[in-house]
Chemist: 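First the structure, which I've put down as structure tokens, then a few questions once you've had a look.
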Amino acid sequence: MDNRTKDTPPPIDWKEIAKSNKGVRTNDEQTCGNVIAEDGSSIIISDGVINVHEFLVPKSKVHYYDGSEVHLNVPYDILSAVFEIK
């Protein structure tokens with residue numbers, strides 16, 4: 001029996017999202033790459049082809065997944081300042 005209420009979203013299948021390279025958007029509506037992997041309680045986002053930026057973002061910073069994009073609850077400047085893998 002399913003314990004979720006009708007208002008509770010289904011759990012996010014991170015392995016499928018990473019496999020599909022789903023896009024990611026910050027809460028200030030900037031695209032910031034694609035999910036390339038799951039690492040325990042975080043996701044790894046890669047942005048760029050020549051000048052590649054990677055971000056290690058806690059799953060707690062994910063606001064929601066709409067079926068095509070992952071939406072974060074942080075703006076791009078915080079994403080790049082705090083979560084970029086140097």
Side-chain angles (χ1 to χ4, degrees):
M1 187 164 158
D2 192 348
N3 291 333
R4 289 182 284 134
T5 65
K6 67 178 183 176
D7 295 327
T8 304
I12 296 173
D13 184 350
W14 291 111
K15 290 185 189 337
E16 184 59 36
I17 288 173
K19 181 179 169 185
S20 302
N21 283 64
K22 294 295 185 177
V24 183
R25 188 173 295 272
T26 58
N27 69 354
D28 56 352
E29 294 302 315
Q30 292 193 49
T31 59
C32 57
N34 300 84
V35 178
I36 60 167
E38 173 188 24
D39 183 26
S41 62
S42 299
I43 56 173
I44 299 172
I45 300 166
S46 181
D47 186 25
V49 176
I50 295 171
N51 189 11
V52 178
H53 298 273
E54 288 190 338
F55 308 97
L56 182 64
V57 180
K59 292 176 185 173
S60 63
K61 299 299 180 189
V62 173
H63 184 56
Y64 65 96
Y65 173 60
D66 66 10
S68 62
E69 286 186 317
V70 174
H71 295 262
L72 303 178
N73 59 14
V74 294
Y76 190 85
D77 60 341
I78 299 297
L79 178 72
S80 61
V82 176
F83 301 108
E84 187 167 1
I85 301 168
K86 304 292 182 192

Chemist: State yes or no: do Ile36 and Val52 share one hydrophobic cluster built from I, L, V, M, F, W and Y residues joined by side-chain heavy-atom distances below 4.5 Å, directly or via other members?
Modeler: no
Chemist: Just verifying a value: how many Å separate Lys61 NZ and Leu56 CG, rounded to the nearest 0.5 Å?
Modeler: 13.0 Å
Chemist: With under 30° as parallel and over 60° as perpendicular, where do the rings of His71 and Tyr64 fit, or are they tilted in between?
Modeler: parallel
Chemist: What are the two closest heavy atoms between Cys32 and Phe55, and how far apart are they?
Modeler: O-CE1, 3.8 Å
Chemist: Heavy atoms, side chains only, cut-off 4.5 Å: are Val62 and Trp14 in contact?
Modeler: yes
Chemist: Does atom NZ of Lys19 have more than 12 heavy-atom neighbours from other groups under 6.0 Å away?
Modeler: no
Chemist: I need the Lys59 NZ to Ser41 OG distance, nearest 0.5 Å.
Modeler: 7.0 Å
Chemist: Whether the side chain of Ser20 engages the backbone of Ile17 through a donor-acceptor N/O pair (distance < 3.5 Å, no angle test) should be reported.
Modeler: no
Chemist: For the pair Asp39 (side chain) and Ile44 (backbone), establish whether a donor and an acceptor sit closer than 3.5 Å, ignoring hydrogens and angles.
Modeler: no
Chemist: Can you name the nearest heavy-atom pair linking Ser42 to Pro58, along with the distance?
Modeler: OG-CA, 3.7 Å
Chemist: Is there a side chain to side chain contact (heavy atoms under 4.5 Å, CB included) between Val24 and Lys22 once you walk through the steps?
Modeler: CA-CA 7 Å; Val24 183; Lys22 294 295 185 177; over 6 Å; no
Chemist: How many angstroms lie between NZ in Lys15 and CG in Asp13, if you round to the nearest 0.5 Å?
Modeler: 8.5 Å
Chemist: If two hydrophobic side chains count as joined below 4.5 Å and joins carry through other members, does Ile43 share a cluster with Ile12?
Modeler: yes
Chemist: Please step through side chain to side chain contact (heavy atoms under 4.5 Å, CB included) for the pair Leu72 and Asn27, ending with a clear verdict.
Modeler: CA-CA 6 Å; Leu72 303 178; Asn27 69 354; over 6 Å; no
Chemist: Does Tyr76 share a hydrophobic cluster with Val82, counting links as ILVMFWY side-chain heavy atoms below 4.5 Å and allowing steps through other members?
Modeler: yes
Chemist: How many angstroms lie between atom CD of Glu54 and atom NZ of Lys86, to the nearest 0.5 angstrom?
Modeler: 12.5 Å
Chemist: State the OG1-CD1 distance between Thr26 and Ile78, to the nearest 0.5 angstrom.
Modeler: 11.0 Å
